[in-house]
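Note sheet for the following structure.
A, B, ... follow the sequence lines: proteins, then strands. Residue 1 opens every chain. Not measured: the values here are computed from a predicted model.
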There are 2 protein chains.
Amino acid sequence: MAAKVERLKVNFKTLEEFKKFKEYGIQELSMFEDLEANMVDNDSESPFYGIYYGDKLVARMSLYQIDAKFDRYFYPPQNYLELWKLEVLPDYQSKGYGKLLVEFAKSFGLPIKTNPRVKSSGFWEKMNFKNVEYDMERDRGENPLVWYPEGVEAQH
Amino acid sequence: MAAKVERLKVNFKTLEEFKKFKEYGIQELSMFEDLEANMVDNDSESPFYGIYYGDKLVARMSLYQIDAKFDRYFYPPQNYLELWKLEVLPDYQSKGYGKLLVEFAKSFGLPIKTNPRVKSSGFWEKMNFKNVEYDMERDRGENPLVWYPEGVEAQH
């Protein structure tokens, strides 16, 4: 069975699957509340993409497009993707699922910024992500990593 | 010996002390490079505040004032403090040092936003920090906590 990346739907089943992931926070709680209050439709599109193994969600990430006017990372300034909550469940790690998700994100052809929460620099290096030059006002203690598509470079 | 909070100076001794803290990243590396390249003066002021126990730095945090025009958290919109890298070394925890740092931050009388990296919600609750209402465009998967001084409320 070839693994494939799919956009996750907002529904109670997806939200139940999310509970298995370590990075569970107000984003998930807010999705749950919106669904309960009928503020979003069941099965509407979420910012999450994931990989199922059979019925089970085993990897996920969130992708969100930032408008060029807010771009402080890339030159020339342009729309870019912010990637967060990339996570593969422990029993499914080292099978290439993380790589598959990141390659999916790259396939949009936009620069990507992420802000990894855990020690995972080896992974991101293999994915060809680079450190930025620290800017306190912009980065505020974070350690952003970025991916430059062909023709894009760091903003100075 | 009463513990007191002091503003940390940028010098090689401070940067050596920083290596004991878990949250060490490009901010510290960039301070080190700037000092080596004489781009900042030795003993210039850093955004860090800390508590010494004798000669040893045992707790620290970074504080940075965000201009009202970027405020998306508080009403009325105003200057506020972003607090990050609050950390007490393991042997010095549960002695009130974290509380002392947060009280120091509150003493400026400005609203505070932080984005705790670790499971520490009990601590922040005791410090009277509140969850925000999640806004994907603004919060991007983060779990910000805020402190409202008298007369300040959430921005809607």
Side-chain angles (χ1 to χ4, degrees), chain A residues 10 18 21-34 37 39-40 45-48 60-67 69-70 72 80-87 112-121 124 130-146, chain B residues 10 18 21-34 37 39-40 45-48 60-67 69-70 72 80-87 112-121 124 130-146:
Chain A
V10 182
F18 281 176
F21 291 81
K22 269 194 296 194
E23 287 206 42
Y24 186 93
I26 60 166
Q27 182 177 17
E28 289 80 359
L29 292 170
S30 140
M31 285 168 77
F32 187 83
E33 283 165 11
D34 289 352
M39 285 174 63
V40 294
E45 290 200 323
S46 83
F48 283 97
R60 71 165 193 182
M61 69 176 169
S62 198
L63 272 186
Y64 187 74
Q65 187 170 324
I66 310 293
D67 193 274
K69 68 174 182 274
F70 300 114
R72 298 184 62 191
Y80 69 94
L81 292 176
E82 182 122 3
L83 189 168
W84 66 78
K85 296 197 180 182
L86 175 71
E87 190 176 338
I112 304 172
K113 182 209 149 201
T114 189
N115 194 24
R117 291 305 200 90
V118 290
K119 303 285 174 210
S120 51
S121 53
W124 291 106
K130 312 285 184 199
N131 281 309
V132 301
E133 195 173 320
Y134 185 69
D135 173 335
M136 184 161 63
E137 202 187 308
R138 179 189 67 184
D139 300 318
R140 301 175 192 182
E142 304 285 5
N143 299 290
L145 292 173
V146 292
Chain B
V10 181
F18 280 176
F21 291 80
K22 268 195 296 193
E23 287 208 40
Y24 187 93
I26 60 165
Q27 181 175 19
E28 289 81 357
L29 291 170
S30 139
M31 285 168 78
F32 187 84
E33 283 165 12
D34 289 352
M39 285 174 64
V40 295
E45 289 198 326
S46 83
F48 283 97
R60 70 165 193 181
M61 69 177 169
S62 197
L63 272 186
Y64 187 74
Q65 187 170 323
I66 311 291
D67 193 273
K69 68 173 181 274
F70 299 114
R72 298 184 62 190
Y80 69 94
L81 291 176
E82 181 120 6
L83 188 168
W84 66 79
K85 296 196 181 184
L86 176 70
E87 189 176 340
I112 304 173
K113 182 208 150 202
T114 190
N115 194 25
R117 293 303 203 90
V118 289
K119 303 286 175 210
S120 51
S121 53
W124 291 105
K130 312 284 184 200
N131 280 310
V132 301
E133 196 174 319
Y134 185 69
D135 173 336
M136 185 163 62
E137 203 187 309
R138 180 189 67 182
D139 300 320
R140 302 176 192 181
E142 306 285 5
N143 299 289
L145 293 172
V146 291

Is [X] in contact with chain A via its backbone, its side chain, both, or neither, using a 4.5 Å heavy-atom distance?
X      : result
B:L29  : neither
B:E33  : neither
B:N143 : both
B:D135 : neither

Neighbour count >12 (heavy atoms, 6.0 Å) for atom CD, B:E133: no
Value rounded to 0.5 Å, distance of CG in A:D139 from OH in B:Y64: 11.0 Å
A:E28 versus chain B, the contacting section by heavy-atom distance below 4.5 Å: neither
Heavy-atom proximity to chain B below 4.5 Å, by part of A:E137: both
Close side-chain approach of B:R140 to A:I66, heavy-atom, < 4.5 Å: yes
Closest heavy-atom pair and its distance - B:I26, A:E142: CG1-O, 3.7 Å
Shortest non-hydrogen contact between A:W84 and B:G141, atoms and distance: NE1-CA, 3.3 Å
Among the listed options A:E82, A:M31, A:M136, the residue most often paired with chain B at heavy-atom distances under 4.5 Å: A:M136
By ring-ring contact (aromatic ring centres under 6.0 Å, His included) - contacts of B:F70 (at least two apart): none
